Protein chains: 2
Amino acid sequence: METPVRVVLVDDHPMVRAGLSAMLAPFARRVRVVGQAGDVTTALELVTGLSPDVALVDVRMGTASGLDLCRTLAALPVPPRVVLLSVYDDEQYVYEALRAGASGYLLKRVDGEELVRRLEEVMGGETVVDVTLAGRIAASAARLHRGEFWPGAHLGLTQRESEVLSLLVAGLSNRAIADRLVLGQETVKSHLRALYRKLDVTDRAAAVTVALRDGMFR
Amino acid sequence: METPVRVVLVDDHPMVRAGLSAMLAPFARRVRVVGQAGDVTTALELVTGLSPDVALVDVRMGTASGLDLCRTLAALPVPPRVVLLSVYDDEQYVYEALRAGASGYLLKRVDGEELVRRLEEVMGGETVVDVTLAGRIAASAARLHRGEFWPGAHLGLTQRESEVLSLLVAGLSNRAIADRLVLGQETVKSHLRALYRKLDVTDRAAAVTVALRDGMFR
DNA sequence: CGGCGTCTCACCCGCCCGGGGGGACCCACG
DNA sequence: CGTGGGTCCCCCCGGGCGGGTGAGACGCCG
């Protein structure tokens with residue numbers, strides 16, 4: 001066993017910090033919490049002062065974004081590895097996180113043993129992503145290979161229909177949709193009819209309901 | 001000092017449970033954590049078996065809703081007080097929570113001292129709401145006193161308008177809405193016009209988008 | 001080459017819907 | 001007691017929308 005991983009916790013909830021500390025306490029020989037911060041400024045002071053191995057950062061700290069902090073930390077002369085913690089199991093966030101320079105993206109459902117193992121993996125140079133997310137990312141990658149990448153493809157919508165639907169959800173009229181997509185409104189009506197048939201609805205309001213409930217758009 | 005408040009923790013994140021335990025540990029004489037559950041079923045077993053004073057429940061447990069659990073617990077022969085914990089500082093959730101039978105709605109930013117005090121207040125029969133939320137809710141106290149709890153009340157919708165909107169989201173036509181509510185469709189149109197004005201939209205599709213995005217209906 | 005699906009556009013029809021009036025009743029509030 | 005808001009209903013009107021049908025252009029695949 002090597003020297004323990006030195007970790008700084010960054011989260012605006014005292015509760016979460018206490019939870020992390022408590023969870024990591026039994027593994028003190030492998031992971032050592034050397035500091036805690038509840039906001040971005042003290043987090044920066046702490047990291048520059050202590051030069052920890054890893055900063056364990058919440059992605060959503062009230063108003064401030066953990067992603068921004070991640071970028072800031074990654075730009076330091078002696079950057080720590082940054083592992084982001086989140087409750088959002090959304091693929092998109094993972095991409096942003098890794099692009100922001102994070103070495104890991106874990107969900108808050110992890111337990112102590114798992115967390116310690118992941119932190120050690122990060123120290124070994126690996127990039128760790130929560131397993132459930134990793135699975136989904138793999139699945140969506142597979143979909144990409146099959147060519148299904150626009151929202152609604154799983155319902156048999158064509159790309160164009162998906163575009164029309166997104167504007168419909170945005171509240172645009174047929175005329176406005178036509179202008180936006182540089183089409184005649186008759187064309188838009190054609191797409192809408194196909195859309196209604198595939199979504200099994202009879203009007204635009206119901207189509208919006210189906211689309212939003214399905215999670216195709218936000 | 002009376003006997004300590006007996007609390008059961010319900011949260012799908014082991015970390016949060018650990019954090020709560022750690023935060024409450026220094027106050028063992030006032031609050032005692034007698035059990036922890038990571039899912040709804042074990043939570044039910046625990047509560048029925050231990051009959052705790054308070055169940056401290058996360059509103060958002062992965063897929064399951066803490067609100068549903070709250071309703072279930074409130075329907076038990078010997079119901080515990082239920083205090084919901086959340087990261088969402090949205091008035092609407094508070095309404096739903098209280099309607100679901102909760103005795104409290106606290107944000108996860110609370111510290112140990114605060115939490116202990118709140119739990120004791122709950123045991124005293126009070127209904128506790130996070131102070132920042134309480135302030136905002138006080139603004140609409142008049143509505144609360146009149147018992148206006150329907151979805152959309154926070155946007156100034158009347159109860160009738162809310163009913164119409166819900167059927168609109170369900171994809172019904174004006175005629176169908178009128179039949180369902182036993183009204184003339186001219187009346188429905190009246191309500192819809194008021195609705196469009198309040199939601200700042202011009203047609204039903206946009207109204208559906210606003211309603212669903214706001215979380216008024218699912 | 002000849003289907004097949006997608007995307008594009010057109011014409012016609014019927015009517016629901018949005019927008020503008022107005023007016024009735026009831027009840028709470030001042 | 002007046003006033004204001006909520007609920008309910010009515011009229012008219014024009015346009016947007018849903019529904020049907022048809023067709024030309026393009027790319028794909030067997």
Side-chain angles (χ1 to χ4, degrees), chain A residues 145-211, chain B residues 139-211:
Chain A
H145 278 271
R146 287 201 302 274
E148 304 173 7
F149 45 93
W150 57 85
H154 61 105
L155 294 176
L157 303 192
T158 69
Q159 189 170 10
R160 208 51 161 166
E161 286 160 1
S162 176
E163 292 176 31
V164 171
L165 182 53
S166 74
L167 295 177
L168 187 59
V169 169
L172 302 191
S173 67
N174 288 353
R175 176 76 253 170
I177 294 174
D179 290 344
R180 185 73 72 88
L181 297 180
V182 195
L183 294 175
Q185 71 242 29
E186 289 300 330
T187 307
V188 173
K189 288 178 62 179
S190 275
H191 289 310
L192 282 180
R193 280 194 291 272
L195 218 35
Y196 296 157
R197 187 170 42 78
K198 292 177 179 176
L199 296 184
D200 192 29
V201 297
T202 58
D203 59 76
R204 51 211 296 116
V208 169
T209 299
V210 171
Chain B
S140 49
R143 292 185 182 283
L144 285 174
H145 275 254
R146 291 201 299 276
E148 300 175 8
F149 282 110
W150 56 87
H154 62 105
L155 293 177
L157 303 192
T158 69
Q159 189 168 12
R160 207 52 161 168
E161 287 159 359
S162 177
E163 291 175 32
V164 172
L165 182 54
S166 74
L167 295 178
L168 187 59
V169 170
L172 276 61
S173 68
N174 288 353
R175 178 74 253 173
I177 294 174
D179 291 345
R180 185 75 72 88
L181 296 180
V182 195
L183 294 176
Q185 73 251 29
E186 288 299 331
T187 308
V188 172
K189 289 177 61 178
S190 277
H191 291 311
L192 282 180
R193 278 196 289 272
L195 215 37
Y196 295 156
R197 188 171 40 78
K198 291 177 180 176
L199 296 184
D200 192 29
V201 297
T202 58
D203 59 77
R204 52 213 296 116
V208 169
T209 299
V210 171

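These figures come from a predicted structure and were not determined experimentally.
The distance between atom CD of A/E163 and atom C1' of C/dT8, rounded to the nearest whole Å, is 14 Å. Distance CG (A/L192) to C1' (D/dG19): 12 Å, rounded to an integer number of Å. The CG atom of B/L167 sits 13 Å away from the P atom of C/dC17 (whole-angstrom rounding). Atom pair A/R204:CZ and D/dG19:P shows a separation of 12 Å (rounding to whole Å applied).
Annotation: proximity of residues 181-191 of chain A to DNA chain C (heavy atom, distance under 4.0 Å) is found for A/L183, A/G184, A/E186, A/T187, A/S190, A/H191, numbered in ascending order. At a non-hydrogen distance threshold of 4.0 Å, nothing from residues 171-178 of chain A comes into contact with DNA chain C. Within a heavy-atom distance below 4.0 Å of DNA chain D, the residues of residues 194-203 of chain A found are A/Y196, A/T202, A/D203.
For A/S166, the side chain to side chain contact (heavy atoms under 4.5 Å, CB included) partners at least two apart in sequence or on another chain are A/F217. By the salt bridge (Lys or Arg N to Asp or Glu O under 4.0 Å) test, A/R175 is found to be paired with A/D179, residues two or more places apart in sequence or in another chain being considered. A search for side chain to side chain contact (heavy atoms under 4.5 Å, CB included) contacts involving B/A170 returns B/L172, not counting sequence neighbours. Checked against side chain to side chain contact (heavy atoms under 4.5 Å, CB included), B/Q159 has the following partners two or more places apart in sequence or in another chain: B/W150, B/E163.
Atom OG of A/S162 is separated from atom CG of A/L167 by 9.5 Å, given to the nearest 0.5 angstrom. Residue A/R160 holds its CZ atom at 5.0 Å from CG of A/L181, rounded to the nearest 0.5 Å.
For the pair A/G184 and A/A178, the tightest heavy-atom approach, listed with the atom from each and the gap, is C-CB, 3.8 Å.
If one axis is set at each end of the helix from C/dC1-D/dG30 to C/dG23-D/dC8 from five pairs, those axes are 40° apart, to 10°.
Checked options A/L165, A/L183, A/V164; the residue passing with A/I177 is A/V164 (criterion: side-chain contact (heavy atoms from CB on, under 4.5 Å)).
Checked by distance alone, B/R193 brings a side-chain donor or acceptor within 3.5 Å of a matching partner on the base of C/dG19.
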Under 3.5 Å, which donor-acceptor pairs link side chains of residues 192-203 of chain A to any protein atom two or more places apart or in another chain?
| residue | atom | partner | partner atom | Å |
| --- | --- | --- | --- | --- |
| A/Y196 | OH | A/R204 | N | 3.4 |
| A/K198 | NZ | A/G156 | O | 3.0 |
| A/K198 | NZ | A/E161 | OE1 | 2.8 |
| A/K198 | NZ | A/E161 | OE2 | 3.3 |
| A/D203 | OD1 | A/A205 | N | 3.1 |
| A/D203 | OD1 | A/A206 | N | 3.1 |

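Remark: B/T158 is not in phosphate contact with D/dG5, judged by side-chain N or O atoms under 4.0 Å from OP1 or OP2.
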